[in-house]
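Report on one structure; see the data block that follows.
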Amino acid sequence: MARKPALGDLYLGMISGTSADGIDVALVRFDPEPQLLLGRTYRWDDQLRNRLIELGQGGQATSLDELGELDVQVGQAFAHAAGRLITQSGLDRTQVRAIGSHGQTVRHRPDGTFPFTWQMGDGNVIAERTGIATVADFRRRDVAAGGQGAPLMPAFHAAMLHAPSEDRAVLNLGGIGNLTLLPASGAVRGFDTGPANALLDAWCERHTGQAFDAGGAFAASGQVDGALLDTLLGEPWFALPPPKSTGREQFHLAWVQAKLGKSGAAAADVQATLLELSAVTVADALRATQPDTKRVMVCGGGVHNPLLMQRLATHLSGITVESTQVHGLHPDYVEAMGFAWLARETLAGRPGNLPSVSGAKGLRVLGALYPA
């Protein structure tokens with residue numbers, strides 16, 4: 001009979017990203033080395049998802065009561081997802097040391113007069129419903145310390161994927177693209193590159209009724225509109241130096257429509273152009289910040305879009321572009337694993353941010369702990 005893991009061996013990480021296409025949950029053992037025991041993605045209730053997306057791209061809440069209720073609803077959804085994964089794993093909840101829950105970002109304003117970032121999903125609800133100690137609210141301490149609060153994965157990427165033999169980068173193609181720069185020696189850096197799946201998914205859903213562009217087929221049926229691409233690339237945000245981060249509140253369909261103006265571009269051509277925008281902005285950012293990169297390891301939903309991966313490889317000629325799976329990290333659950341790792345760091349009293357990435361004033365222990 002296989003030995004059940006001892007108490008303290010396991011952590012569970014959860015995140016719903018910018019695309020809000022589901023709650024990613026990962027059950028991870030870190031000793032003696034990181035191992036994904038089980039990963040799953042659970043769909044949102046459609047009505048709740050639609051409201052979260054509305055808020056995330058700048059929509060206004062109807063009342064404080066609605067915001068309070070949404071915070072609890074998201075917490076309940078995350079707790080339910082955690083319970084489902086543990087049940088499917090065949091393990092006992094007492095074997096999970098802690099949950100690291102990112103929640104769902106509904107607004108990210110680190111550069112405002114009063115900088116803030118807000119991830120819904122009440123940690124109290126998660127801890128109460130699962131009976132497991134929960135670490136949540138990871139980003140706000142970094143913002144309070146003068147940082148962007150994002151991206152938060154570079155410390156995890158460095159721990160898992162750094163190599164002293166070559167300059168590497170990790171590319172997360174979620175709703176927003178972000179890069180982690182892992183030089184053979186020197187400081188780790190990281191920043192958002194701009195829109196990735198969020199715009200592609202939203203445009204595809206509006207014009208085809210499908211939640212995402214499976215296999216990049218819709219984009220492949222169109223042609224890149226060079227004039228539109230130049231207009232999109234003219235967005236001042238792309239010229240900002242790191243550290244920088246962004247989200248759905250900046251890059252959304254209304255932004256695309258404003259750039260289109262009265263253009264009669266075919267929907268498939270716009271899809272192809274948005275995909276090219278993602279590839280070009282990643283390549284431009286990487287060459288500007290770490291020109292000697294030898295290897296780019298890709299995770300997130302975009303890794304399953306062969307056309308996007310092909311365009312990246314074309315723009316990054318001479319650089320190996322491959323899935324993180326090659327290095328033992330399932331590309332769909334790298335971020336969920338990362339929040340399990342961050343929960344572990346928080347419980348150990350170790351910092352989870354990197355000032356060289358976020359621009360924070362110093363290292364900080366991240367997150368709030370909600371005991372079991």
Side-chain angles (χ1 to χ4, degrees), residues 17-21 53-54 56-59 108 171-179 191-242 244-289 296 298 300-317 321:
T18 307
S19 293
D21 49 4
I53 288 175
E54 270 187 302
Q57 58 190 19
H108 185 65
L171 171 63
N172 176 50
L173 288 173
I176 296 295
N178 51 69
L179 278 168
F191 52 90
D192 287 351
T193 59
N197 296 325
L199 283 186
L200 291 171
D201 292 350
W203 187 262
C204 180
E205 187 166 15
R206 172 179 286 186
H207 292 278
T208 71
Q210 301 300 311
F212 63 96
D213 185 10
F218 184 36
S221 71
Q223 299 290 326
V224 173
D225 183 321
L228 175 59
L229 180 61
D230 288 343
T231 299
L232 297 173
L233 288 169
E235 171 63 41
W237 186 87
F238 293 121
L240 294 175
K244 62 179 182 178
S245 58
T246 190
R248 198 186 278 274
E249 67 279 353
Q250 174 154 4
F251 293 109
H252 46 70
L253 286 183
W255 177 79
V256 176
Q257 202 60 56
K259 299 294 185 183
L260 275 168
K262 295 181 179 180
S263 167
D269 292 347
V270 175
Q271 186 78 2
T273 306
L274 291 175
L275 184 144
E276 189 73 1
L277 174 71
S278 296
V280 169
T281 50
V282 167
D284 286 351
L286 184 60
R287 294 200 183 280
T289 54
V296 176
V298 188
V303 78
H304 302 297
N305 186 325
L307 181 58
L308 179 54
M309 293 293 286
Q310 177 191 326
R311 297 307 299 155
L312 280 168
T314 297
H315 287 292
L316 294 173
S317 177
V321 179

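Predicted model, so just to flag it, every value in this text is computed and none were measured.
Side-chain atoms of Ser19 do not come within 3.5 Å of backbone N or O of Asp21 as any donor-acceptor pair. In this structure, the side chain of Trp203 does not engage the main chain of Val270 through any donor-acceptor pair within 3.5 Å. A donor-acceptor pair is defined here as one N or O able to donate and one able to accept, closer than 3.5 Å; no such pair exists between the side chain of Asp192 and the backbone of Gly194. In terms of modelled atom types and a separation under 3.5 Å, the side chain of Ser317 and the main chain of Thr314 share no donor-acceptor contact.
Residue pairs meeting the side-chain hydrogen bond (donor to acceptor under 3.5 Å, both in side chains) criterion with at least one partner in residues 193-202, sequence neighbours excluded, do not occur; the list is empty.
Side-chain atoms of His108 and Thr246 form no donor-acceptor pair, as typed in the model, at a separation below 3.5 Å. When only modelled atom types and interatomic distance are considered, Gln57 and Trp255 share no side-chain donor-acceptor pair under 3.5 Å.
In this structure, OG1 on Thr18 lies 8.5 Å from CD on Glu249, to the nearest 0.5 angstrom. The structure places CD of Gln271 at 5.0 Å from CG of Leu200, a figure rounded to the nearest 0.5 Å.
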Sequence neighbours excluded and cut-off under 3.5 Å, please list the side-chain donor-acceptor pairs for residues 217-231, or say none.
from   : atom 1 : to     : atom 2 : distance (Å)
Ser221 : OG     : Phe218 : O      : 2.6
Asp225 : OD1    : Ala227 : N      : 3.1
Asp225 : OD1    : Leu228 : N      : 3.0
Thr231 : OG1    : Ala227 : O      : 3.0

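Partner Val282 forms a side chain to side chain contact (heavy atoms under 4.5 Å, CB included) with one of Asn178, Val296, Leu171 and no other, that one being Leu171. Tested against Val298 for a side chain to side chain contact (heavy atoms under 4.5 Å, CB included), the candidates Leu308, Asn172, Val303 yield a single pass: Val303.
In summary, the aromatic rings of Phe238 and Phe251 are positioned with their centroids under 6.0 Å apart.
Considering only residues two or more places apart in sequence or on other chains, Lys244 meets the side chain to side chain donor-acceptor pair (under 3.5 Å) condition with none of them.
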